[in-house]
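These numbers were taken from a predicted model, which means no experiment stands behind them. Only this structure's heavy atoms are used, side chains among them; waters, hydrogens and symmetry mates stay out.
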Amino acid sequence: MFFEKLLPALYSLDKNKHLPNFDIVSIGRRFSSTKDYKKYLKAKMLEHLDKSFSKKLVNSFLDKFSYLKSDYFDYGSFENFCEFPPAEN
């Protein structure tokens, strides 16, 4: 649902300047860095966007995303969130 509906909808709203300045922080265990996460998001987005997308706008949109590697069941790992965002990794 996220890749098919929500992500393209947010992109479209951002592209048409219907969203305020915003940042999205994703938390998970799968990716080792924000860079890896953005690479994955971009590949998924391109599967679900129409062919008239702009690479520049997609990259600008993805700049709003950050990734925090953390284990949901390890409450201590959420202490890292207080120091977020870390230096670009």
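- Of all heavy-atom pairs between Tyr11 and Ser54, the closest is OH-N, 3.6 Å.
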### Query
Can Val58 and Leu49 be said to form a side chain to side chain contact (heavy atoms under 4.5 Å, CB included), step by step?
CA-CA 10 Å; Val58 167; Leu49 289 176; 4.0 Å; yes

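- The nearest pair of heavy atoms linking Ser70 to Ile27 is CB-CG2, 3.6 Å.
- Using cut-offs of 30° and 60° on the angle between ring planes, the pair Phe31 and Tyr67 is perpendicular.
- Lys38 is listed as a side-chain neighbour of Asp63, based on a closest heavy-atom distance under 4.5 Å.
- The structure places CD of Glu4 at 8.5 Å from CD of Glu47, a figure rounded to the nearest 0.5 Å.
- Within the cation-pi definition used here (under 6.0 Å to the ring centroid, within 45° of the axis), Lys15 does not qualify as a partner of Phe61.
- In this structure, Lys44 is positioned above the aromatic face of Phe3, its NZ or CZ under 6.0 Å from the six-membered ring centre and within 45° of the axis.
- Taken from CG in Leu46 to CG in Leu41, the straight-line distance is 10.5 Å, to the nearest 0.5 Å.
- Here the straight-line distance linking atom NE2 of His18 with atom OG of Ser12 works out to 7.5 Å at 0.5 Å rounding.
- With a 6.0 Å cutoff to the six-membered ring centre and a 45° limit on the axis angle, Arg29 does not count as a cation-pi contact of Phe73.
- Shortest non-hydrogen contact noted between Leu7 and Met45 is CD2-CG, 3.1 Å.
- Checked for salt-bridge contact, Lys64 and Asp14 meet the test: a charged N lies under 4.0 Å from a carboxylate O.
- From Ile24, atom CD1 reaches atom OG of Ser66 across 9.5 Å, with rounding to the nearest 0.5 Å.
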